[in-house]
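Data block below; observations after.
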Amino acid sequence: MIRTIEELSMNAWPALRSLACDGWVLRFSDGYTRRANSVHPLYPSSCGLDAKIAEAERLYQEQGLPAIFKLTAQSQPPGLEAALVARGYETEAETSVRVADLGPMGSVAAVDIETSWGNASEWREAFHGMSRVAPEHQATHERILASILPLAGFAAVRQDGRIVGCGLGVVQDGWLGVFDVSVDGAARRQGHGERLMRGLMSWGQRMGADKAYLQVMQSNVAAVQLYEGLGFRAAYSYWYRVKR
């Protein structure tokens with residue numbers, strides 16, 4: 001399951017540039033988000049480990065970026081994390097990947113879902129404000145979203161006509177991936193997050209998905225509780241090793 005979801009999530013959150021390197025996928029996106037600017041060591045390798053790490057470090061340095069590795073329990077080759085620790089890499093952003101079966105949804109409150117990126121300008125503006133995306137990263141974020149090849153749905157929850165919650169759903173191979181869930185700070189604890197999630201899950205079902213996955217920081221207790229209440233169970237974890 002780990003490899004499947006890691007591949008799905010790379011497609012759902014594409015890098016602006018990527019490089020296949022002896023079983024590793026190196027992703028570059030001008031520094032916006034770790035997952036789009038890190039090494040994904042998914043497949044078996046044949047070259048020497050120290051040389052591969054050094055080459056990855058060189059490539060990220062050329063882009064003015066820190067070298068970051070996105071690790072799971074199945075990262076390849078064995079011994080990679082120990083080698084990174086020996087080179088001074090530190091752990092960041094321990095994250096729980098959760099999955100759920102998309103069973104009967106019952107009654108779902110109305111959620112606006114736009115599948116055309118060209119028509120999602122209001123969603124983009126609302127998300128950037130709610131998530132406090134730095135101005136220098138907004139264009140990069142938009143380029144990433146515009147590059148998604150599987151079916152994407154930009155979901156919005158409104159209150160008094162104003163968007164107060166945003167989320168992104170991406171459907172591929174029977175899976176719904178959920179990303180970019182954000183609720184306006186002044187509108188939290190009013191059920192908008194659950195309404196948004198149920199709307200995305202219902203939309204994913206209609207688009208042919210029968211299961212869903214999402215990623216949540218383990219330290220985000222409120223989000224973990226919301227997702228558990230919706231049936232999302234822990235599948236595996238990932239974390240980053242970063243060299244400053």
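Bear in mind that the values here come from a model prediction, so they are computed numbers and not experimental data. Residue numbers run from 1 in the order of the sequence given.
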Close side-chain approach of Arg98 and Leu214, heavy atoms under 4.5 Å: yes
Phe28 and Tyr60 aromatic centres sub-6.0 Å: yes
Co-membership, hydrophobic cluster, residues Tyr213 and Val170, 4.5 Å side-chain: yes
Residue pair Arg35 / Thr33, side-chain donor-acceptor N/O under 3.5 Å: no
Inter-residue atom distance Gln225.CD - Asn220.CG, 0.5 Å rounding: 9.5 Å
Donor-acceptor contact present, side-chain Thr95 to main-chain Ala93, <3.5 Å: yes
Common cluster, Tyr238/Val99, ILVMFWY with side-chain heavy-atom separation under 4.5 Å: yes
Test item: Gln205 side-chain N/O and Gly103 main-chain N/O as donor-acceptor pair under 3.5 Å: yes
Flag if over 12 foreign heavy atoms under 6.0 Å of CD, Glu228: yes
Ser45 side chain to Asp22 backbone, donor-acceptor under 3.5 Å: yes
Worked verdict on Leu49 versus Leu80 for side chain to side chain contact (heavy atoms under 4.5 Å, CB included): CA-CA 7 Å; Leu49 181 54; Leu80 170 58; 3.8 Å; yes
Distance-only polar pair, side chains of Trp13 and Gln215, donor-acceptor under 3.5 Å: no
Spacing of His40 atom NE2 and Leu71 atom CG [to the nearest 0.5 Å]: 10.0 Å
Which atom of Leu168 lies closest to which atom of Ala152, heavy atoms considered: CD1-CB, 4.2 Å
Over 12 foreign heavy atoms within 6.0 Å of CZ, Arg143: no
Exam field: side chain Thr72 to backbone Gln74, donor-acceptor pair closer than 3.5 Å: yes
Hphob cluster co-occupancy, Leu145 + Val133, side-chain heavy atoms under 4.5 angstrom: yes
Arg17 and Asp30: CA distance, side-chain angles, deciding distance, side chain to side chain contact (heavy atoms under 4.5 Å, CB included) verdict: CA-CA 9 Å; Arg17 292 166 294 165; Asp30 298 335; 3.7 Å; yes
From CG (Leu42) to OG (Ser75), nearest 0.5 Å: 7.5 Å
Within 6.0 angstrom of Glu92 CD, more than 12 heavy atoms from elsewhere: yes
Main-chain N/O of Leu19 paired to Trp24 side chain as donor or acceptor, under 3.5 Å: no
Side chains of Arg206 and Ser202, donor plus acceptor under 3.5 Å: yes
Gap between atom OG of Ser29 and atom CD of Gln63 - 0.5 Å precision: 10.5 Å
Any side-chain heavy-atom pair of Met197 and Tyr227 under 4.5 Å: yes
Considering all heavy atoms, the nearest Val25-Ser18 contact: CG1-CB, 4.4 Å
Sidechain N-carboxylate O distance under 4.0 Å for Arg3, Glu6: no
Enclosure of Arg58 CZ (heavy-atom neighbours >12, cutoff 6.0 Å): yes
Considering all heavy atoms, the nearest Met130-Val183 contact: SD-C, 3.8 Å
Pi-cation contact, Tyr240 with Arg34 (under 6.0 Å, within 45°): yes
Exam field: side chain Asp210 to backbone Leu102, donor-acceptor pair closer than 3.5 Å: no
4.5 Å side-chain heavy-atom contact, Gln76 and Pro78: yes
Linked, directly or transitively: Val164 and Val111 (ILVMFWY side chains, under 4.5 Å): yes
Side-chain donor/acceptor of Thr115 to backbone N/O of Gly153, under 3.5 Å: no
Whether Thr140 side chain and Tyr32 backbone form a donor-acceptor pair below 3.5 Å: no
Where Val39 and Leu26 come nearest, the two heavy atoms and their spacing: CG2-CG, 3.9 Å
Verdict with supporting geometry, His141 and Arg124, side chain to side chain contact (heavy atoms under 4.5 Å, CB included): CA-CA 9 Å; His141 180 229; Arg124 297 195 297 267; over 6 Å; no
Shortest non-hydrogen contact between Arg87 and Lys243, atoms and distance: O-CE, 3.5 Å
Contact check, side chains of Trp203 and Val171, non-hydrogen atoms, under 4.5 Å: yes
Interatomic spacing from CD in Glu142 to OG in Ser147 - rounded to 0.5 Å: 11.5 Å
Under 3.5 Å donor-acceptor, Trp123 side chain and Ala155 backbone: yes
Gln61 atom CD, neighbour heavy-atom count above 12 within 6.0 Å: no
Same apolar cluster: Val224 and Met217, side chain cutoff 4.5 Å: no
Spacing of Gln218 atom CD and Trp239 atom CH2 [to the nearest 0.5 Å]: 9.5 Å
Ile5 vs Trp175 side-chain heavy atoms within contact, under 4.5 Å: yes
Closest non-hydrogen atom pair, Leu196 against Cys166: CD2-O, 3.0 Å
Working for side chain to side chain contact (heavy atoms under 4.5 Å, CB included), residues Arg27 and Lys70: CA-CA 11 Å; Arg27 288 158 48 92; Lys70 185 174 185 278; over 6 Å; no
Arg241-Thr91 side chain donor-acceptor pair, cut-off 3.5 Å: yes
